[in-house]
There are 2 protein chains.
Amino acid sequence: MNMFIKGNQVRGHLETMVLSVLESEESHGFDIVKRLEAAGDGSLNLKEGTVYPVLYRLEDAKLLKAKWEENDSGRKGPRRKVYSLTAKGRKQLEAGRNEWKAFVNVVGGIVGGLS
Amino acid sequence: MNMFIKGNQVRGHLETMVLSVLESEESHGFDIVKRLEAAGDGSLNLKEGTVYPVLYRLEDAKLLKAKWEENDSGRKGPRRKVYSLTAKGRKQLEAGRNEWKAFVNVVGGIVGGLS
DNA sequence: GCATAATACAAGTTGACACACAGTACCTAG
DNA sequence: CTAGGTACTGTGTGTCAACTTGTATTATGC
């Protein structure tokens, strides 16, 4: 009964998904993965090794900025790299949402039953 | 102001799209491309070189069957290979539609704005 | 016969994602 | 104090579907 969304199907949408997750709240890589997983309710099957490269690409493209958060508060684990949207990233998110809508309309129009 | 849907974004959905197009009416490769293009209203940018391999895959997987239609009616062009859905293909189309719905729900839930 | 249109197919390239690790830091249990 | 678990960040190699471009076949019209 587990329906997994195939990796190929998120191709080209992952970047917008990551930007979306970061819109409401900045966070670090590991947390982003968990938030995406939670949002997908188990049907997304994202690994860190998939998401980190996306983050680098987005940072390179100046859509995200990152700062290191040292571990001085006694929590577990090493330091984290906290990502947040830049102005450019926010603009790109807008564009990505429009692309998403167009995509859903077109593909949905075909797949959803067309005379 | 032409908005093109990026190739990567249809990845993993093209097969279901092709099956959908063939559900209403059997047709041959070149026509399938044109019907997809028409359905996408110019925003899909599919080439024959993209669609034919999909058809081979689907035929290999017994989701489509093909028959040659010789050119004896005086129309232009060489003979055509006419594809139609098999029973298995129809079943797969159902599954593909469900996948599509799940995909739209999950990704739409993330991209479309999430608290 | 040459251009053009309709149709099928082939070959090589790309690039985002998958997979499977490797490395670092801290905490707790025994 | 050390073993194991958990929280993180990385990396390197492969895959495979989609892209690009080009070619082959048949018929019509000039």
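Lettering of chains follows the sequences in order, A, B, ..., and the numbering in each one begins at 1.
Contact annotation: B/Y52 side-chain N/O to C/dC9 OP1/OP2 distance is not under 4.0 Å. Side-chain N/O atoms of A/R11 include none lying less than 4.0 angstrom from OP1 or OP2 on C/dA16. Proximity of B/R79 to the phosphate of D/dA24: no side-chain N or O atom is located under 4.0 Å from OP1 or OP2.
Nucleotides of DNA chain D nearest to A/V82 and B/P78 differ in position, and the one nearer the 5' end is that of A/V82. Map B/T50 and A/L14 each onto its nearest nucleotide of DNA chain C; the residue landing nearer the 5' end is B/T50.
Regarding B/H13, its NE2 atom lies at a distance of 14 Å from the P atom of D/dA17, rounded to whole Å. Nucleotide D/dT26 holds its C1' atom 12 Å from the CZ atom of B/R80, rounded to whole Å. One can place CG of A/L55 at 13 Å from P of D/dT11, the figure rounded to the nearest angstrom. One can place CG of B/L36 at 12 Å from P of D/dA18, the figure rounded to the nearest angstrom. In this structure, A/W68 places its CH2 atom 13 Å from P of C/dT24, rounding to the nearest Å. A straight line from CE of B/M17 to P of D/dA18 spans 10 Å, rounded to a whole angstrom. If you take CG of A/D31 and C1' of D/dT9, they are 14 Å apart, rounded to a whole angstrom. Atom CD1 in B/I5 sits roughly 14 Å away from atom P in D/dA18 (whole-Å rounding).
Among the heavy atoms of the strands lying under 4.0 Å from B/G29 are primed sugar atoms or P, OP1, OP2 only; no base atom is included. If you check every strand for non-hydrogen atoms under 4.0 Å, B/K34 touches sugar and phosphate atoms only. Counting any heavy atom pair closer than 4.0 Å across all strands shown, A/G7 reaches sugar-phosphate atoms only and no base atom.
The listed nucleotides are D/dA17, D/dC19, D/dG10; the one nearest the side chain of A/K81 is D/dG10. Closest to the B/F30 side chain, of the nucleotides C/dA8, D/dG10, C/dC9, is C/dA8.
Within the 4.5 Å cutoff, the side chain of A/V111 has no heavy atoms near those of the B/H13 side chain. At least one side-chain heavy atom of B/L64 sits under 4.5 Å from a side-chain heavy atom of B/L85.
Between the side chain of A/T86 and the backbone N or O of A/L63 there is at least one donor-acceptor pair closer than 3.5 Å. A/E69 places no side-chain N or O within 3.5 Å of a backbone atom of A/R80 that could act as its donor or acceptor partner.
Summarising the local packing, CG of B/D41 is surrounded by 12 or fewer heavy atoms from other residues, nucleotides or ligands at distances under 6.0 Å.
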